[in-house]
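Sending over a structure as C-alpha cells; questions will come in a sec.
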Amino acid sequence: MSPVMKKRIVVLPGDGIGPEVTYWARTALEAIGKGFNHPFLFEQSLIGHAAIEATGSPLPEETLDNCKAADAILLGAVGHPKYDLDPSAKVRPEQGLLKLRKSLNLFANLRPIKIYDALASASSLKREILEGTDILFYRELTGGIYFGNRGTHPEGNHAYDTLSYTREEIIRIATMAFQAAQGRRGILHSVDKANVLDSSRLWRATVIEVSKQFPDVQLVHMFVDNAAMQLIRDPKQFDVVLTGNMFGDILTDEASQISGSLGMLPSASLSGRIGMYEPVHGSAPDIAGKNMANPMATMLSAAMMLRHSFEMEEESLLIEESIAGVLEEGLRTRDIANEKTPIENICTTDEIGTQILEKIESRMFQSVMI
Ligand code: NAD
C-alpha cells in the first residue's frame with residue numbers, strides 16, 4: 001500500500017447537479033482514505049450561482065483563499081438558467097470558475113476519452129468505429145478567446161471577442177502534451193485554424209519548435225473543422241490531442257458522444273502544485289434535484305485527482321475499475337441507458353453511487369485479505 005499522506009481537499013459542489021454528483025465523488029474518496037489509511041481532510045466552499053445568492057460574488061474571497069491553501073480541488077459544476085436567459089447580467093456563475101482557473105494558473109486541462117466496452121452501444125456512433133478509442137485531450141485553459149479583450153459597442157449593434165496567445169502559453173501546454181504522448185502511443189495531433197487565424201499560425205510554429213525536443217513523438221497538424229469531422233469518422237486515429245481553449249471546449253463535448261454521455265467524462269486542470277478536478281458537463285438544470293444525474297464523470301475526476309495530484313495509482317484504478325464493474329453488471333443511469341436496458345437496471349444517482357461504493361469497498365477488503 002502507498003505510504004500515509006495528509007492531503008487537504010476542497011470540495012466546490014456549485015450549482016444544479018453539482019452537489020448531487022460531488023457527494024458521491026467525495027464519498028468514494030472518503031472510503032479510499034479510510035481503506036488505505038490516507039488522512040484526507042475535506043473542506044467545502046461556495047462557487048457559482050450558489051455563491052452569488054449567498055455573498056453576491058461567484059467566487060468569494062474565502063473560497064479563493066481555501067482553494068489556494070488546498071492540495072487538490074473537486075468541483076461539481078456552475079451555472080443557472082437565470083443567467084443563460086439574461087445575457088445582460090453583469091455577475092454570472094461562470095465568472096467564478098474562469099477566475100478560479102486563472103488565479104490558480106490552471107493552464108492545462110486534461111480530458112481523457114475512453115470507450116467502456118459495456119457502453120459501446122450507448123453511443124450514437126457504431127460499435128466498430130468506437131472500439132479501442134483512447135484519446136487524451138490537452139486543452140489550454142487560461143488563454144485564448146475566453147480571456148481576451150471583449151466588449152459591446154454602446155449602440156448594441158457590434159460586439160467583439162479577441163483570440164490571443166503568447167509563445168510562452170503555447171510552449172507550456174505543448175510541452176506537457178508531448179510528454180504525455182511519449183508515455184502513450186507517441187502520436188500528437190495539434191488542432192488549429194492556421195489557414196485563417198494569426199494566433200493559430202503562432203500556435204503551429206511554436207508547436208513545431210517544441211516538437212524538436214520530442215523526436216519520438218509523431219506530430220500531426222489538423223485544422224479544427226477537419227478535426228471535428230475526423231473525431232466521429234475515425235476516433236481511433238487520435239492518441240494525444242493538443243488544442244487551444246475554445247477549440248478544446250467544443251471538440252471534447254463532441255467527443256463525449258464517443259463515451260456515450262457527458263455524464264462519463266472527467267477532467268483534470270493542472271499547473272504547478274494544485275490540481276482541480278471536475279466533470280466536463282455543466283450544471284444540467286433540466287435534471288437537477290431529480291436524483292437522475294450520472295455521478296461517474298465526477299467520480300472518475302476524483303480518480304484523476306488520486307493519480308495526478310497524489311500519485312496514488314492503485315487507489316485511482318480502484319475507482320475506475322469499480323465503475324467499469326458496475327457497468328459490466330448492466331447497471332445504468334438514464335443518460336447511458338438505451339431501449340434494450342431492462343427497467344430494473346436503470347438507477348438513480350444514489351443507487352448507482354451506492355453500487356460503485358460497494359464495489360470499491362469490497363475490492364479494498366479483498367486486497368487487504370490478499
Ligand atoms: P450541461 O452539460 O449542463 O447539460 C447538457 C445535457 O447533458 C443536458 O441534457 C443534461 O441533462 C445532460 N447531462 C449533463 N451532465 C449529465 C450527467 N452527469 N448525467 C446525466 N445527464 C447529464 O450543459 P448545458 O445544458 O449547455 O449547460 C447548463 C448550465 O451549465 C449552463 O448554465 C452552463 O453555463 C453551465 N455549464 C457549466 C460548466 C462547468 O461548470 N464547467 C460546463 C458547461 C456548462
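Ligands are counted one by one from 1 in listed order, and the atoms in each one are counted from 1 as well.
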Just jot down the ligand 1 atoms closer than 4.0 angstrom to any heavy atom of Leu262, in number order.
2 (O), 5 (C), 7 (O)

Are the side chains of Ser190 and Met222 in touch, meaning some heavy atoms are under 4.5 Å apart?
no

Short check: is a protein heavy atom less than 4.0 Å from atom 27 (O) of ligand 1?
no

Using distance alone, decide if ligand 1 has a nitrogen or oxygen within less than 3.5 Å of any nitrogen or oxygen in Ala284.
yes

For Ser271 and Asn105, which I'm curious about, is there any donor-acceptor pair between the side chains at under 3.5 Å?
no

Give the residue and atom name of whichever protein heavy atom lies nearest to atom 22 (C) of ligand 1, and the separation in Å to one decimal.
Ile287 CD1, 4.0 Å

Salt-bridge contact Asp71-Arg8 (side-chain N to carboxylate O under 4.0 Å)
no

Side-chain ion pair, Arg307 and Glu320, N-O less than 4.0 Å:
yes

Would you mind checking if Asp134 and Arg184 are paired as a salt bridge, meaning a charged N to carboxylate O distance below 4.0 Å?
yes

N or O contact, Gly282 vs ligand 1, cut-off under 3.5 Å
yes

Does atom 12 (C) of ligand 1 have a protein heavy-atom neighbour under 4.0 Å away?
no

Looking only at distances, can you tell me whether any N or O atom of Arg101, backbone or side chain, sits closer than 3.5 Å to an N or O atom of ligand 1?
no

Inter-residue atom distance Leu327.CG - Ile352.CD1, 0.5 Å rounding:
6.5 Å

When you look for heavy atoms under 4.0 Å from ligand 1, do you find them on the side chain of Glu278, its backbone, both, or neither?
side chain

Should the pair Arg172 and Phe107 be classed as cation-pi, given the thresholds of under 6.0 Å to the six-membered ring centre and 45° from the axis?
yes

Cationic N near anionic O, under 4.0 Å, Lys82 to Glu53
yes

May I have all residue pairs that pass side chain to side chain donor-acceptor pair (under 3.5 Å) and include part of residues 221-233, sequence neighbours excluded?
Lys193-Asp225, Asn226-Gln230, Gln230-Arg233, Gln230-Gln237

N or O pair under 3.5 Å between Leu75 and ligand 1
no

Around atom 19 (N) of ligand 1, find the nearest protein heavy atom and jot down its residue, atom name and distance.
Asn294 N, 2.9 Å

Output all residues satisfying ring-ring contact (aromatic ring centres under 6.0 Å, His included) with Tyr146, sequence neighbours left out; order by chain, then residue number.
none

Taking only heavy atoms of His80 into account, list the atoms of ligand 1 that are under 4.0 Å away from them.
32 (O)

Closest to atom 29 (C) of ligand 1 by heavy-atom distance, out of Gly79, Gly48, Ser283, is Ser283

Around atom 40 (O) of ligand 1, find the nearest protein heavy atom and jot down its residue, atom name and distance.
Val78 N, 2.9 Å

May I ask you to identify, for Asp15, whether its side chain, its backbone, both or neither come under 4.0 Å of ligand 1 on a heavy-atom basis?
neither

Under 4.0 Å from one or more heavy atoms of Ala293, ligand 1 contributes atoms 19 (N)

Would a 4.0 Å cut-off, counted as strictly less than, catch a protein heavy atom around atom 1 (P) of ligand 1?
yes

Using 30° and 60° as the class boundaries, would you call the ring planes of His38 and Phe40 parallel, tilted or perpendicular?
tilted

Any non-hydrogen side-chain atom of Tyr165 less than 4.5 Å from a side-chain atom of Phe147?
no

How far is atom 14 (C) of ligand 1 from its nearest protein heavy atom, and which residue and atom name does that atom have?
His281 CB, 3.6 Å

Is Asp86 salt-bridged to Arg92, going by a charged N under 4.0 Å from an acidic O?
no

Within a distance under 4.0 Å of any heavy atom of Ala77, pick out the atoms of ligand 1 and give their elements.
40 (O)

For ligand 1, which atoms sit closer than 4.0 Å to a heavy atom of Pro285?
28 (C)

Numbering as shown, the atoms of ligand 1 that approach Gly263 to under 4.0 Å (heavy-atom distance)
17 (C), 18 (N)

Test of understanding: given a 4.0 Å heavy-atom threshold, classify the contact between Ser261 and ligand 1 as side chain, backbone, both, or neither.
neither

Look at Arg363 together with Glu314 and state whether they make a salt bridge at an N to O cut-off of under 4.0 Å.
no

Heavy-atom contacts under 4.0 Å between Asp84 and ligand 1: side chain, backbone, both, or neither?
side chain

Is atom 24 (P) of ligand 1 close to the protein, meaning a heavy atom under 4.0 Å from it?
no

Carboxylate-amine/guanidinium proximity below 4.0 Å for Arg101 and Glu278
yes

One residue to check: Thr333. Relative to ligand 1, which of side chain, backbone, both or neither has a non-hydrogen atom less than 4.0 Å away?
neither

The closest protein heavy-atom partner of atom 10 (C) of ligand 1 is Asp286 OD1, 3.5 Å

Counting each atom of ligand 1 from 1 as listed, which ones have a heavy atom of Leu97 under 4.0 Å away?
39 (C), 40 (O), 41 (N)

Charged N to carboxylate O under 4.0 angstrom, Lys68 versus Asp65?
no

Identify, for atom 33 (C) of ligand 1, the protein heavy atom at the shortest distance, and state residue, atom and that distance.
Glu94 OE2, 4.0 Å

